[in-house]
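A short worksheet on the structure shown next.
We count ligands from 1, going down the list as the structure has it; atoms in each ligand are counted the same way. The first residue of the sequence shown is numbered 1, and numbering continues consecutively from there. Note that these values count all heavy atoms, side chains included, but never hydrogens, waters or copies made by symmetry.
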Amino acid sequence: MNQVSVGILGCGTVGSGTARILIEKKDLIFSRTGVDINLKRIADIDPSRGEGLPIGQGVMTTDAVSVIEDPEIQVIVELIGGKTVARDFMIRAINSGKHVVTANKALLSELGGEIFPLAQEKSVDLAYEASVGGCIPIIKSIRESLVGNTISSIRGILNGTCNFILSRMTADGCGFDDALSEAQEKGFAEADPTLDIDGFDTAHKLAILNAIAYGMNINLDDIYVEGIRDISAIDIAFASEFGYTVKLLAISRQVNGSVEARVHPTMISKDNILASVNGSLNAVTISGDCVDKVLLYGHGAGMMPTASAVVSDIVDVARNIVFGGQGRVPLLSYRPESLSVVPVKPMAELQTCYYFRFAAADRPGVLSRIAGVLGNHNISIKSVNQRGRRVGGNAPLVMLTHRAVEADIRKAVLELAELDCVADKPVVIRVEDENGNL
Ligand code: HSE
């Protein structure tokens with residue numbers, strides 16, 4: 001019988017879900033693949049995490065190195081997370097000739113420059129479907145299903161915690177802190193929720209997608225990142241009045257040989273398909289020259305959805321082992337010699353539309369002073385709204401602009417913050433819809 005033995009490092013939420021699928025769906029997987037996937041060992045510093053799993057005696061261990069060095073184990077599944085111990089174990093596994101499956105987007109996006117070349121050199125598979133979008137088969141879609149397409153853009157909701165928070169704030173008008181606590185209780189948030197709410201988890205995922213979509217080296221530092229911490233209920237309410245929904249989007253676009261790569265709260269039309277992706281769900285649209293657009297949608301976090309993606313990688317690797325397919329699909333979608341340094345467009349050159357909210361004094365002449373500053377910086381106003389709401393004695397004045405250049409917006413914001421009729425720095429949110437951007 002074709003048997004492949006697997007060791008899991010880390011028996012937390014995703015590790016235990018993966019173990020459960022491998023054991024409970026063993027026959028189903030065999031009937032589909034002809035491969036008997038044998039979950040031989042699971043390592044965790046807390047062996048009690050294995051309690052309740054349908055595993056035999058001796059499967060659970062605290063000794064990860066013994067799992068990596070077990071000569072029968074061909075596939076190491078790294079589900080520890082983080083960038084220290086996980087990195088060391090991953091390197092050790094690759095150096096021992098083991099194929100590796102991981103969900104660790106922080107590790108791949110920050111240390112991929114070390115790990116992918118090593119896996120290539122050692123001729124082992126390194127599979128990472130669960131690192132982006134939980135159960136959504138985005139990596140496989142880009143690397144395999146869309147192989148004949150020149151990909152022009154990727155836009156997605158890639159963080160369930162942020163999407164949950166923004167959806168709750170939109171539906172119930174609740175505050176950011178309450179919505180975050182609820183997301184944490186539900187278990188989508190990272191151990192350190194700042195990675196979620198400050199946009200870095202989304203940026204990790206976008207860095208991976210950019211590499212496989214555009215054939216560029218993984219470069220997290222090139223991605224502009226802004227989180228959702230400063231989004232308030234009042235901006236969500238104004239957005240709604242203008243016909244928009246606020247989402248934390250990952251956006252990349254390839255234009256004339258350079259790539260635009262950014263993560264920030266974005267107002268999108270309520271008609272946009274991404275606007276109706278709510279709760280902890282993720283969705284991503286990929287634009288390619290042959291397909292026009294593909295939309296993928298599903299659970300971006302959670303035990304069984306994420307474990308489903310891990311199992312799909314284990315099965316791919318096991319098939320490669322049994323049927324001799326290692327190297328069939330390049331690890332980063334492009335052959336290593338075809339990966340290149342693709343220039344990333346500086347954020348200051350971005351052109352999009354913008355939403356401004358000013359805490360402005362409610363007296364004659366204020367609007368013209370603000371409009372004057374914007375005009376001096378080539379920013380054209382599309383609409384203005386000033387309603388009865390008052391924040392700290394000032395009336396919120398809200399504006400939408402036509403397309404403007406980010407550098408001009410930044411200069412205008414600095415100048416506007418100095419006006420005596422404007423309290424506080426204006427709130428600025430990018431709007432993506434003019435010219436059918438999304
Ligand atoms: N914390 C992530 C999210 C899940 O909220 O989407 C895994 O990436």
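Among K105, H204, K186, the residue whose heavy atom lies closest to atom 7 (C) of ligand 1 is K105.
Among all protein heavy atoms, the one lying closest to atom 2 (C) of ligand 1 is E190 OE2, 3.3 Å.
Between the side chains of E406 and Y354, at least one donor N or O sits under 3.5 Å from an acceptor N or O. Side-chain contact of S232 with D235: a donor-acceptor pair under 3.5 Å is present, judged by distance alone.
At a threshold of 4.0 Å, the pair E144-R328 counts as salt-bridged, since one of the basic side-chain nitrogens sits closer than that to a carboxylate oxygen.
Under 4.0 angstrom from ligand 1, the non-hydrogen atoms of T161 come from both its backbone and its side chain. Looking at D201 against ligand 1, only its side chain comes within 4.0 Å, counting heavy atoms.
Remark: side-chain polar atoms of K247 are not paired, donor with acceptor, to backbone N or O of I268 under 3.5 angstrom.
Residue G160 has at least one heavy-atom neighbour below 4.0 Å for each of these atoms of ligand 1: 3 (C), 5 (O), 6 (O). In summary, the atoms of ligand 1 found under 4.0 Å from a heavy atom of N159, numbered by their order in the structure, are 2 (C), 3 (C), 5 (O), 6 (O). Of all the atoms in ligand 1, the ones that sit under 4.0 Å from a non-hydrogen atom of D196 are 1 (N), 2 (C), 3 (C), 5 (O). Contact atoms of ligand 1 toward A301: 4 (C) (distance under 4.0 Å to a heavy atom of the residue).
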Notebook entry, point to check: Given the rule in the side chain to side chain contact (heavy atoms under 4.5 Å, CB included) test, do I273 and L295 qualify, once you have shown the distances and angles that lead to the verdict?
Noted result: CA-CA 9 Å; I273 203 152; L295 169 73; 3.6 Å; yes

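Ring geometry for Y355 versus F242: interplanar angle over 60°, hence perpendicular rather than tilted (30 to 60°).
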